[in-house]
Amino acid sequence: NVAIGSNKLFKQLNSLIANSITGDMFDANEFRVTYFKKKDKSEVHFAPKDQGFSKFIKTFQITYNQTGEVTEVRMVEPSDDYTQIIFTNRVVNKKISNEVFAH
């Protein structure tokens, strides 16, 4: 059983995704980072250096399209089972009315 909200793995995965948007995601102290180019996509694989962490996660894999948007995130376990998140129907910079933020 894993409490996702307080779990270090999911916090790090969330941090990798969020930081990938700002370009501040490649922490060589925590991960071995490998880059791949596959046709019209790019992938970055993060293998945790921490022995305790690597018991649960083999790699985080983030896939980008040609414009640098994250299209897929895959969390691979040591058994090669994985959890995959695919981003579809993306809406970028949609106008949001001020009423949404009203108290």
Side-chain angles (χ1 to χ4, degrees):
N1 293 334
V2 175
I4 292 175
S6 63
N7 188 279
K8 180 181 177 182
L9 301 176
F10 288 97
K11 286 181 181 179
Q12 284 190 290
L13 176 59
N14 184 54
S15 178
L16 283 173
I17 295 168
N19 289 343
S20 71
I21 295 168
T22 64
D24 185 28
M25 61 188 270
F26 307 111
D27 188 344
N29 295 321
E30 292 187 49
F31 299 97
R32 285 182 305 282
V33 182
T34 311
Y35 305 89
F36 299 90
K37 182 71 175 164
K38 296 184 176 182
K39 296 185 182 179
D40 61 341
K41 298 178 183 177
S42 298
E43 284 184 12
V44 182
H45 294 195
F46 299 86
K49 289 182 177 180
D50 180 88
Q51 293 294 326
F53 194 24
S54 63
K55 288 181 186 177
F56 299 101
I57 298 299
K58 183 177 179 179
T59 61
F60 293 113
Q61 303 170 356
I62 301 178
T63 304
Y64 301 88
N65 63 18
Q66 291 176 334
T67 61
E69 297 171 321
V70 175
T71 59
E72 180 181 326
V73 175
R74 185 179 288 209
M75 186 172 55
V76 182
E77 299 172 18
S79 65
D80 287 330
D81 289 337
Y82 61 87
T83 300
Q84 181 178 30
I85 302 168
I86 298 174
F87 297 92
T88 60
N89 300 322
R90 182 184 311 269
V91 176
V92 179
N93 294 330
K94 179 181 178 182
K95 283 201 162 241
I96 299 174
S97 102
N98 290 333
E99 287 78 37
V100 171
F101 302 102
H103 295 285

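All values below come from the heavy atoms of this structure, side chains included, with hydrogens, waters and symmetry mates left out. Numbers here are sequence positions counted from 1. Here the structure is a predicted model, which is why all the values come from computation and not from measurement.
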[X]: which residues meet the side chain to side chain donor-acceptor pair (under 3.5 Å) condition with it, sequence neighbours left out?
| X | result |
| --- | --- |
| Asn93 | none |
| Thr71 | none |
| Asp40 | none |

(request) Under the salt bridge (charged side-chain N to carboxylate O under 4.0 Å, His left out) rule, collect the residues that match up with Glu77, sequence neighbours excluded. (result) none

(request) Might you point out which heavy atoms bring Pro78 and Ser54 nearest each other, and give the distance in Å? (result)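 That would be CG-O, 3.5 Å.
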
(request) To the nearest 0.5 Å, tell me how far Ile62 CD1 sits from Arg74 CZ. (result)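 Reported value, rounded in 0.5 Å steps: 13.0 Å.
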
(request) Find the distance between CZ (Phe60) and NE2 (His45) and round it off to the nearest 0.5 Å. (result) 13.0 Å

(request) For Asp80, enumerate each residue passing the side-chain contact (heavy atoms from CB on, under 4.5 Å) test, keeping only those at least two apart in sequence or located in another chain. (result) Lys58, Val76

(request) May I ask you to decide if Gln61's main-chain N or O and Thr59's side chain share a donor-acceptor pair within less than 3.5 Å? (result) no

Show me the side-chain donor-acceptor pairs of residues 82-92 shorter than 3.5 Å, one per line, residues at least two apart or across chains.
| residue | atom | partner | partner atom | Å |
| --- | --- | --- | --- | --- |
| Gln84 | NE2 | Glu72 | OE2 | 2.7 |
| Arg90 | NH2 | Val70 | O | 2.0 |

(message) Please report whether the ring centroid of Phe31 lies less than 6.0 Å from that of Phe46.
(response) yes

